[in-house]
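Report on one structure; see the data block that follows.
Below, chains carry the letters A, B, ... as their sequence lines are ordered, and counting in each starts from 1. Just so it is clear, the values below take in all heavy atoms, side chains as well, and ignore hydrogens, waters and symmetry mates.
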Amino acid sequence: MKSVDAKLKPDHSAIRRVIRSIPPGCVASYGEVAERAGLPRRARLVARVLREAPPSAGLPWYRVLRANGRIAFPAGSRGFREQARHLAAEGVLVVGGRVDVAVHGWDRNLDAVLWAPAPRRKKTTITRRSPRTRG
DNA sequence: GCCCTGACGTGAA
DNA sequence: ATTCACGCCAGGG
């Protein structure tokens, strides 16, 4: 029963609760999760909870990233690939092991909309690579 | 207890 | 953009 663990490690259960509440298609940083769990500056504890959490816990662990939007696992590692795969499956674009938090950030994504970033279309959108491509 | 480690964060250089 | 040093603190030895 979870209640048992909740009594022994309230912090852990609070953290798991927050992680469970991250909406699909969104991501949150370790620090953000900690803060929402009422444990400011306890990012490392969040990491520990995730590491100890058995798959049976059914936590959307893959929605938790580093503050800079990068996957915490070493690039190319088993966990790294799995996380990237899960995120992609939810429509979260992962480029170079990194996610654009301004777009997929849990609450931050709303800000992005509210800030209404003037849709700037630069000519570089074409991303020409070689002058001789076009002659 | 003391020491080291870690799915982290942040400010400074 | 990168690297470094520190801060943080639960667990394991």
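- Counting heavy atoms from C-beta outward, Ser21(A) and Trp106(A) have side chains that approach closer than 4.5 Å.
- Close to dC9(C), at under 4.0 Å from its OP1 or OP2, lies no side-chain N or O of His12(A).
- With rounding to whole Å, Arg16(A) atom CZ is found 16 Å from dA7(B) atom C1'.
- For CZ of Arg41(A), the number of neighbouring non-hydrogen atoms (other residues, nucleotides, ligands) closer than 6.0 Å is 12 at most.
- Between the side chain of Glu35(A) and the backbone N or O of Ala43(A), no donor-acceptor pair lies under 3.5 Å.
- Residues from residues 92-100 of chain A placing a heavy atom under 4.0 Å of any atom in DNA chain B do not occur.
- Side-chain contact between Ile19(A) and Leu50(A) is present, with at least one heavy-atom pair separated by less than 4.5 Å.
- Ring planes of His86(A) and Tyr62(A): parallel class, angle under 30° (limits at 30 and 60°).
- Separating the CG atom of Asn68(A) from the P atom of dT10(B) is a distance of 10 Å, rounded to the nearest angstrom.
- For the pair Trp61(A) CH2 and dC8(B) C1', the interatomic distance rounds to 17 Å; values are reported in whole Å.
- Of the residues in residues 21-46 of chain A, those placing a heavy atom less than 4.0 Å from an atom of DNA chain C are Arg42(A), Arg44(A), Leu45(A), in numerical order.
- For the pair Glu52(A) CD and dT5(B) P, the interatomic distance rounds to 18 Å; values are reported in whole Å.
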For the pair Arg85(A) and Val94(A), evaluate side chain to side chain contact (heavy atoms under 4.5 Å, CB included) and give the outcome as yes or no after the intermediate values. CA-CA 9 Å; Arg85(A) 187 168 56 67; Val94(A) 183; over 6 Å; no
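- In this structure, the CG atom of Leu50(A) is 17 Å from the P atom of dA10(C), given to the nearest Å.
- Counting only heavy atoms from C-beta outward, the side chains of Ile71(A) and Arg66(A) never approach each other to under 4.5 Å.
- The side-chain hydrogen bond (donor to acceptor under 3.5 Å, both in side chains) search around Arg70(A) returns none, not counting sequence neighbours.
- Here the side chains of Val64(A) and Val27(A) are not in contact, with every heavy-atom distance at 4.5 Å or above.
- Where Asp11(A) and Arg70(A) meet DNA chain C, the nucleotide closest to each residue was compared, and Arg70(A) sits on the side nearer the 5' end.
- Checking dG11(C), dC8(B), dT10(B) against the side-chain heavy atoms of Arg48(A) singles out dG11(C) as nearest.
- Comparing dG6(B) with dG7(C), their C1' atoms sit 14 Å apart, to the nearest whole Å.
- In this entry the distance linking CZ of Arg51(A) with P of dT5(B) reads 14 Å, nearest Å.
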